Amino acid sequence: MTAGADQIKVATWNLAWLANDPISSMDLVKDCQKQDEAKVDFDKRTPEGCRKGSPYRMAGAYAGLAHHVKWLDFDIIGMQEVQSADAAKLILGDRPIASGDPKSMVAPGTYKVVVNPDGGWQKVGLAVKTALLAPGQDLIAEPFTEIGVPVKRDHRSALDVKVPLKTGTLRVLVVHLKSACHRVPLDAASDDCQQLSAQAPILQNWIRQRQEEGKPFLVLGDFNRVLASSAQHEQCGTGVVCTKVSLRASLDGNAVDQLPILIPTADAKHVPECGFKGDLNLIDHILLGGGAEAAYIANSVRSHAYIDKDGKPITKDKVRHLSDHCPVSIGVNL
């Protein structure tokens with residue numbers, strides 16, 4: 001990056017099945033929930049708004065998310081589990097919501113947004129504040145479909161985005177890796193871990209290519225993996241090929257807190273309201289390399305609890321209509 005860098009907030013945010021449109025009534029929400037509890041196949045659910053996982057949101061929930069977008073004031077947002085760009089634009093100010101106060105939402109045009117056209121229903125996307133972009137430039141995005149091939153359900157593709165900041169181009173990969181292998185070695189017998197294990201070398205190769213280019217890059221998203229240095233499942237015993245058991249070893253062979261790659265979220269903790277099933281370790285991560293690691297602001301990792309209208313944190317058992325993930329951010333000088 002060039003001189004004149006700005007302090008900006010970079011975030012990853014899993015928005016939990018954010019659909020293109022709100023559900024119109026509470027009766028319909030309840031009907032969707034019944035079909036979900038009965039495990040009816042998505043393509044057999046009616047109406048179309050029920051063909052997803054929970055939460056099933058009405059307009060008020062979208063307004064709540066839009067309020068958080070303005071309050072959190074992130075500059076770059078890696079999003080997971082959005083149906084399309086239309087869904088993201090509802091909370092980013094570019095589509096009207098039939099609920100809430102527009103003054104509590106960002107103005108139209110605040111963000112440029114791209115969402116992966118590939119990768120099943122749970123797509124990933126990136127939003128960047130328009131004011132940060134070089135004049136006349138736009139986001140250039142390409143699906144990174146290879147990383148979704150090992151995943152049996154949804155084939156969740158990543159999104160590879162070139163972000164033309166005023167200070168130089170930043171490469172950003174937004175990922176949503178396979179779930180249900182949070183705290184066991186990658187070589188565990190479970191089908192979920194086998195799928196995540198197959199994704200690891202694909203991601204490792206992308207990171208190596210970016211390192212060889214020597215240009216700043218980020219990888220951010222829902223890694224569905226605790227990467228803490230103390231995590232037993234990430235330890236490599238004598239005679240063990242480390243990348244066979246540890247995802248962290250594929251991401252950064254020098255450990256998460258040493259150059260040339262940083263994963264500052266690895267050893268950070270959630271605020272209590274955001275613990276994943278009671279676990280305060282993060283599974284949503286941000287990785288910096290190619291020179292971007294030098295821009296990281298020390299000790300800037302934050303886990304952001306959802307708040308009510310009085311500014312008080314909402315406990316996680318009462319926040320399901322917003323998301324089952326709290327956004328995680330870092331500060332960088334880019």
Side-chain angles (χ1 to χ4, degrees), residues 9-20 52-55 57 61-62 65-66 68-69 72 74-92 111 113-128 139 141-148 150-151 153-161 163 172-182 192 195-196 199 202-203 206 218-227 247 251 263 265 270 274 276-277 281-287 303-304 306 316 319-330:
K9 287 201 292 186
V10 177
T12 179
W13 196 351
N14 185 319
L15 289 157
W17 295 95
L18 189 71
N20 287 343
K52 57 182 281 299
S54 62
R57 301 178 179 93
Y62 282 81
L65 287 170
H68 280 83
V69 168
L72 292 165
F74 297 137
D75 296 294
I76 297 176
I77 312 171
M79 301 172 289
Q80 302 87 49
E81 297 196 27
V82 295
Q83 186 176 5
S84 75
D86 282 344
K89 288 178 179 179
L90 272 172
I91 67 170
L92 294 173
Y111 290 94
V113 60
V114 286
V115 171
N116 200 338
D118 297 330
W121 201 105
Q122 293 184 326
K123 295 177 173 63
V124 298
L126 188 73
V128 181
L139 306 177
E142 292 185 7
F144 183 45
T145 57
E146 183 183 358
I147 202 167
V151 181
R153 183 181 70 82
D154 235 10
H155 296 295
R156 290 193 297 232
S157 174
L159 190 65
D160 188 345
V161 187
V163 181
V172 181
L173 185 71
V174 188
V175 301
H176 187 186
L177 301 182
K178 183 66 185 78
S179 60
C181 189
H182 299 95
D192 298 303
Q195 292 174 62
L196 181 60
Q199 289 183 297
I202 299 170
L203 183 53
W206 188 94
L218 306 175
V219 181
L220 62 160
D222 182 356
F223 284 60
N224 269 310
R225 183 81 172 175
V226 173
L227 298 176
L247 178 61
L251 302 175
I263 314 176
T265 52
H270 275 302
C274 294
F276 179 78
K277 295 182 178 179
N281 290 284
L282 305 187
I283 62 170
D284 304 285
H285 295 288
I286 301 173
L287 178 152
S303 163
H304 302 272
Y306 295 99
K316 198 162 187 191
V319 79
R320 296 295 181 181
H321 65 290
L322 294 177
S323 177
D324 58 353
H325 289 245
C326 290
V328 173
S329 73
I330 65 170

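Only a predicted model underlies this, so the values are computations on that prediction, with no experimental measurement involved. Heads up: numbering here begins at 1 and tracks the sequence.
- Using a 30° and 60° split on the angle between ring planes, Trp13 and Tyr306 fall in the tilted class, from 30° to 60°.
- Of the inter-residue distances, the one linking Leu159 atom CG with Ile147 atom CD1 reads 12.0 Å to the nearest 0.5 angstrom.
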Verdict with reasoning, Phe144 to Val174, per side-chain contact (heavy atoms from CB on, under 4.5 Å): CA-CA 9 Å; Phe144 183 45; Val174 188; over 6 Å; no
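- Looking at Phe223 and Thr265, their side chains never come closer than 4.5 Å, going by heavy atoms from C-beta outward.
- When all heavy atoms are compared, the tightest approach of Leu322 to Ala61 is CD2-O, 3.7 Å.
- The two residues Asn116 and Ala158 make their nearest non-hydrogen contact at ND2-O, 2.7 Å.
- The OG atom of Ser303 lies 9.0 Å from the CG atom of Asp284; values are rounded to the nearest 0.5 Å.
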Working for side-chain contact (heavy atoms from CB on, under 4.5 Å), residues Ile283 and His182: CA-CA 8 Å; Ile283 62 170; His182 299 95; 3.8 Å; yes
Audit row: His270, Val328, side-chain contact (heavy atoms from CB on, under 4.5 Å) steps and yes/no: CA-CA 8 Å; His270 275 302; Val328 173; 3.9 Å; yes
Ser84/Asn20 under side chain to side chain donor-acceptor pair (under 3.5 Å): CA gap, chis, key distance, verdict: CA-CA 7 Å; Ser84 75; Asn20 287 343; 2.6 Å; yes
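- Between Lys52 and Glu81 the shortest side-chain heavy-atom distance does not fall below 4.5 Å.
- Contact annotation: the side chain of Val128 never approaches that of Val172 to less than 4.5 Å [non-hydrogen atoms, C-beta and beyond].
- Residues Leu247 and Leu177 meet the side-chain proximity criterion, which asks for heavy atoms closer than 4.5 Å.
- Nearest heavy-atom pair across Val151 and Gln195 is CA-OE1, 3.3 Å.
- Rounding to the nearest 0.5 angstrom, the gap separating the CD1 atom in Ile77 from the CG atom in Leu220 is 10.5 Å.
- With contacts defined as side-chain heavy-atom distances shorter than 4.5 Å, the pair Met79/Val113 qualifies.
- Contact annotation: the side chain of Asn224 never approaches that of Lys178 to less than 4.5 Å [non-hydrogen atoms, C-beta and beyond].
- A distance of 5.5 Å separates CZ of Arg156 from OG of Ser179, quoted to the nearest 0.5 Å.
- Residues Trp206 and Leu218 share a closest heavy-atom pair of CH2-O, 4.3 Å.
- Under a 3.5 Å cut-off, the side chain of Asp75 and the backbone N or O of Lys9 do form a donor-acceptor pair.
- Within the 3.5 Å criterion, the main-chain N or O of Ala19 finds a donor-acceptor partner in the side chain of Tyr62.
- Distance check, rounded to the nearest 0.5 Å: CG of Leu282 to CG of Asp222 gives 11.0 Å.
- Val175 is not listed as a side-chain neighbour of Val124, based on a closest heavy-atom distance of 4.5 Å or more.
- Leu139 approaches Val161 most closely through the heavy-atom pair CB-CG1, 4.1 Å.
- In this structure, Leu72 and Pro327 have side chains that are in contact, with non-hydrogen atoms separated by less than 4.5 Å.
- Atom CD in Gln83 sits 10.5 Å away from atom CG in Leu90 (nearest 0.5 Å).
- Remark: the backbone N or O of His321 is paired with a side-chain donor or acceptor of Arg57 at under 3.5 angstrom.
- Asp118 and Thr145 share no donor-acceptor pair across their side chains, judged by distance under 3.5 Å alone.
- Ring orientation note: the planes of His304 and Phe74 are nearly perpendicular, at an angle over 60° on the 30°/60° scale.
- What you find for Glu146 and Ile202 is that their closest heavy atoms are O-CD1, 3.6 Å.
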